[in-house]
Structure formats: C-alpha cells, structure tokens
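Lettering of chains follows the sequences in order, A, B, ..., and the numbering in each one begins at 1.
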Number of protein chains: 2
Amino acid sequence: MINKDNITHHISQQFNAELEEVRSRLLAMGGLVEKQVNDAVNALIEADSELAQQVRDVDQQTNTMERDIDEECVRILARRQPAASDLRLIISISKSVIDLERIGDEATKIAKRAIELCEEGEAPRGYVEVRHIGEQVRKMVQQALDAFARFDADLALSVVQYDKTIDREYKTALRELATYMMEDPRSISRVLSVIWALRSLERIGDHARNIAELVIYLVQGTDVRHTGLARMAAAQAAKDEGQGRG
Amino acid sequence: MINKDNITHHISQQFNAELEEVRSRLLAMGGLVEKQVNDAVNALIEADSELAQQVRDVDQQTNTMERDIDEECVRILARRQPAASDLRLIISISKSVIDLERIGDEATKIAKRAIELCEEGEAPRGYVEVRHIGEQVRKMVQQALDAFARFDADLALSVVQYDKTIDREYKTALRELATYMMEDPRSISRVLSVIWALRSLERIGDHARNIAELVIYLVQGTDVRHTGLARMAAAQAAKDEGQGRG
C-alpha cells in the first residue's frame with residue numbers, strides 16, 4: 001500500500017514538485033466545487049437569487065481549472081513518463097477532475113432552478129428533502145476530497161458505501177413529491193423544479209462516489225468500479241488485518 | 001493534423017498492434033452500447049419487457065469491457081510511455097470508455113422504466129417524443145464512434161453541434177409532459193417514468209458529445225470542451241481552408 005511518503009519520494013525534486021502542484025490544484029478546485037454545492041442548496045432553500053447567480057458565475061472558473069489541470073496531467077505523462085503509483089496518481093487526478101467539473105455543472109443547474117423558483121415565489125414542498133440530501137452529498141464531496149488529500153482508502157470506502165443511503169433517500173423523496181403533485185396539480189411545475197434539484201444532488205453523490213473509487217484505486221492499485229460493495233469492504237478488512245493495524 | 005496513416009506508423013510493430021487492438025475494442029464496446037440504446041427505446045415504446053430485460057443483462061458485459069479497456073490503456077501508458085498523438089489516442093480511449101459505460105447505464109435505466117411501464121399497462125403520452133429523441137441520440141452515438149474510427153474531426157464537430165438540437169427538443173417535450181400531468185393528474189406517475197426516460201436520452205446525447213469532443217482533441221490536439229461552438233467551428237473552417245481541402 002502506498003502512502004504520502006513513498007508516493008512523493010522521487011529522484012527528481014522537480015518531478016516531485018510537479019506532482020504535488022497538480023494534486024494541490026485538484027484539491028483547490030475541489031474546495032471551490034464543494035462551496036458551489038453548498039451555495040446552490042442554500043440559494044434554493046433561502047430563495048436567494050443573488051447567491052444563485054454567484055454559483056453560476058463561478059462555473060466558468062471551474063471549467064478553466066479543469067482544463068488547466070487536465071493539460072498539466074498530459075504534460076506530466078508526456079514529459080515524465082511516470083510509472084506505478086505515480087502513474088496511478090496522474091490517472092486518478094485526470095479522472096477526478098472530470099467528476100469535479102460535473103459536480104460544478106450540477107450545482108449550476110440547481111442554481112438555475114433556484115432562480116426559477118425565486119421568480120415563481122411561494123416555497124414549494126420538498127425543501128426539507130433538498131436541505132437534508134444536499135447536506136449529505138456536500139459532505140460526501142468533502143470526504144472524497146479529504147480521502148484524496150490523505151490517501152485514505154478507508155474514508156474513501158465509507159463514501160462509496162454512503163452513496164447507497166443517498167439513492168434510497170432520493171427515491172423516497174421522489175415518491176413523496178409525486179404524491180404532492182397528484183394532490184395539488186397546480187403545484188406540478190414548481191415541484192418539478194425541486195425534483196430536478198434533487199436529481200442533481202443525487203448525481204453529485206454519484207460523482208463523489210466516483211472520486212472515492214479513484215482514491216481506492218490510487219491507494220490499493222485495484223479498480224473497484226463495478227465491484228460488489230461487500231467484496232470491496234471484505235478486501236479492505238483483509239488488507240487491514242494483514243497489516244496488523246490497530 | 002494526424003491521420004490514420006501517421007498515427008499507426010511506429011517503429012515497434014507490437015506497439016502498433018496494441019494500439020489498434022485497444023482502439024478496436026473501444027469501437028466494439030461502442031457498437032454494443034449503441035445497440036443497448038436502440039433496444040431500450042424499442043422496449044419502452046413497444047412495451048417489450050423481455051427486450052428490456054436483455055438490455056439490463058448486457059450492462060454487466062459493458063462494465064467488464066470498460067474495466068478491461070481501461071486496464072489495457074494503463075498498461076500501455078506504463079510500458080510504452082507513448083508521446084504526442086499516441087498519448088492523445090490512449091487518453092481519448094480511456095476517457096471515451098467512461099462515457100460509453102455511462103451511456104450503457106442510461107440505457108439500462110430506460111430499460112427499467114420500460115419494465116415499470118409494462119407493469120402499469122396503458123401507453124402514456126410522450127412516446128412520440130421518446131421515439132424521436134431516442135432515434136436522434138442513437139445516431140449521435142453512432143456518428144461519434146464513426147468519427148473515432150475514421151479520425152474525422154468534421155463529423156465529430158457536427159455531433160457536438162447537434163447536441164444543442166437535442167437539448168432544445170428535450171425541453172419542449174418536458175413542457176408538454178408537464179401540461180399533460182396538470183390536465184390529467186392520475187397520469188402523473190406514468191408520465192414521470194417517461195420523463196426519466198427522456199432525461200436519460202438527453203444524458204446519452206451529452207456523453208456522445210463528450211466522445212465527439214475527444215475525437216477533435218485527438219485529431220487536432222486542442223481541448224475543445226468549454227469552448228464556444230462558433231469559435232470551434234471557425235477554427236475548424238480555418239484549418240480546412242489552410243489545408244486547401246476540396
């Protein structure tokens with residue numbers, strides 16, 4: 001298993017610095033995107049169209065960050081021809097950045113819904129669910145990034161597992177909102193806006209899960225996508241045991 | 001600009017063969033995924049739950065293909081340390097495969113909706129839209145893959161541009177379906193299923209666009225994401241002119 005020490009140990013100081021630089025840029029972009037999620041949810045719940053507009057404005061910035069980080073990854077691949085864990089680090093960064101950018105896109109979509117709902121006035125049903133699920137997926141994004149920062153496969157695994165909870169709560173919320181619409185057909189267009197926001201949140205959870213899976217790949221060198229959660233957790237437990245960790 | 005001839009010209013025959021092999025595996029997976037989209041839409045429209053089940057069964061297969069192709073890309077990166085257009089080819093393949101897998105996921109979601117709707121009986125509104133948009137996005141997937149097979153940046157650009165049409169038609173369909181729900185609240189749950197299917201189709205269009213953008217990156221060496229379409233088309237036209245193409 002790799003850790004922060006051996007992943008950053010290189011003959012070339014310069015290569016070292018490049019890897020650290022691109023990784024810290026990923027984390028900085030992650031912080032910005034996490035804030036976007038938070039702001040988008042607050043803008044929706046508090047009917048704050050100004051905050052919603054800020055979220056939309058930041059989207060351009062995250063797009064540029066994505067492109068820059070991606071280009072840097074390609075440059076490193078071409079110039080340094082990294083192997084083993086360095087190669088995995090670059091691959092994980094270049095894939096995570098796609099997920100981060102899409103989280104930003106979903107936050108922007110939520111902000112658009114917030115602006116629509118501000119114009120319509122009158123708070124619709126479903127805000128409790130948006131707040132609750134919103135807070136949970138924001139935390140998933142945060143923890144996926146923490147796991148990346150600390151090369152922490154255990155934390156990453158817990159993020160992967162948590163995605164199931166989000167999916168369940170999302171489905172429950174959808175059923176409730178469908179019932180509201182049937183009871184009060186005049187609310188349909190407003191409730192649909194809330195449903196789109198919830199759907200974006202559920203997507204954000206998926207992207208956080210993708211990033212967490214990349215952290216596990218990065219640390220353990222195994223691809224965990226499409227692997228049963230139980231098998232993944234068992235493998236992790238066996239690994240922990242094998243290393244005699246306390 | 002690269003073309004099929006110089007991209008496959010290598011000192012090492014073996015490396016050549018590896019690149020061709022991984023590219024043809026991507027295209028084979030693409031063909032399978034394109035069929036999944038087609039089958040999912042037909043299953044929904046024709047209330048064919050058996051066909052829907054087939055689409056769901058194939059999903060496992062595309063997941064495995066994705067992992068295998070991705071692992072092969074990493075192996076090539078580690079062993080061959082490709083540069084320039086070879087590096088771009090490997091990067092484009094390893095990213096396209098993610099989009100293909102997600103197209104498969106969306107097709108599977110449509111198949112699930114088809115099964116739900118079969119159980120409910122009675123064809124809901126919105127089928128015309130599903131058929132129409134479904135046929136268009138299937139074609140986008142096909143053309144994005146053709147563009148990849150032929151390193152055809154012009155065709156790729158037309159796929160990117162076509163995504164705007166899909167988004168517009170999708171929004172129109174949603175407005176109509178919201179109206180149906182208001183007129184007949186008993187239809188809400190069924191119409192919602194159709195809305196989810198349309199949303200999946202719109203996503204499939206986005207993924208086809210992503211693949212097309214990767215083809216442009218592969219052929220021209222420039223990252224076209226987040227670039228205005230007009231600017232992209234102008235750059236392409238200038239390039240074509242510069243080369244005096246007929």
On a heavy-atom basis, which atom in [X] and which in [Y] lie closest, and how many Å separate them?
| X | Y | answer |
| --- | --- | --- |
| Met182(A) | Ser189(B) | CE-CB, 4.1 Å |
| Ile188(A) | Ala178(B) | CG2-O, 4.2 Å |
| Lys95(A) | Ser94(B) | CE-O, 4.4 Å |
| Leu87(B) | Val74(A) | CD2-O, 3.8 Å |

Taking 4.0 angstrom as the limit, do Arg203(A) and Glu106(B) come out as a salt bridge?
->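 Salt bridge: yes.
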
How many angstroms lie between atom [atom1] of [X] and atom [atom2] of [Y], to the nearest 0.5 angstrom?
| X | Y | atom1 | atom2 | result |
| --- | --- | --- | --- | --- |
| Asn210(A) | Ile98(B) | CG | CD1 | 8.0 Å |
| Ile195(A) | Arg199(B) | CD1 | CZ | 10.5 Å |
| Asp70(A) | Ile91(B) | CG | CD1 | 7.0 Å |
| Leu77(A) | Gln81(B) | CG | CD | 10.0 Å |

Return the option, out of Arg186(A), Arg102(A), Arg79(A), with the maximum number of heavy-atom pairs under 4.5 Å with chain B.
->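 Among Arg186(A), Arg102(A), Arg79(A), the one with the most close pairs to chain B is Arg102(A).
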
Flag the pair Leu177(B) / Leu192(A) as yes when at least one side-chain heavy-atom distance between them is below 4.5 Å, and no otherwise.
->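 Heavy-atom side-chain distance check fails, nothing below 4.5 Å.
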
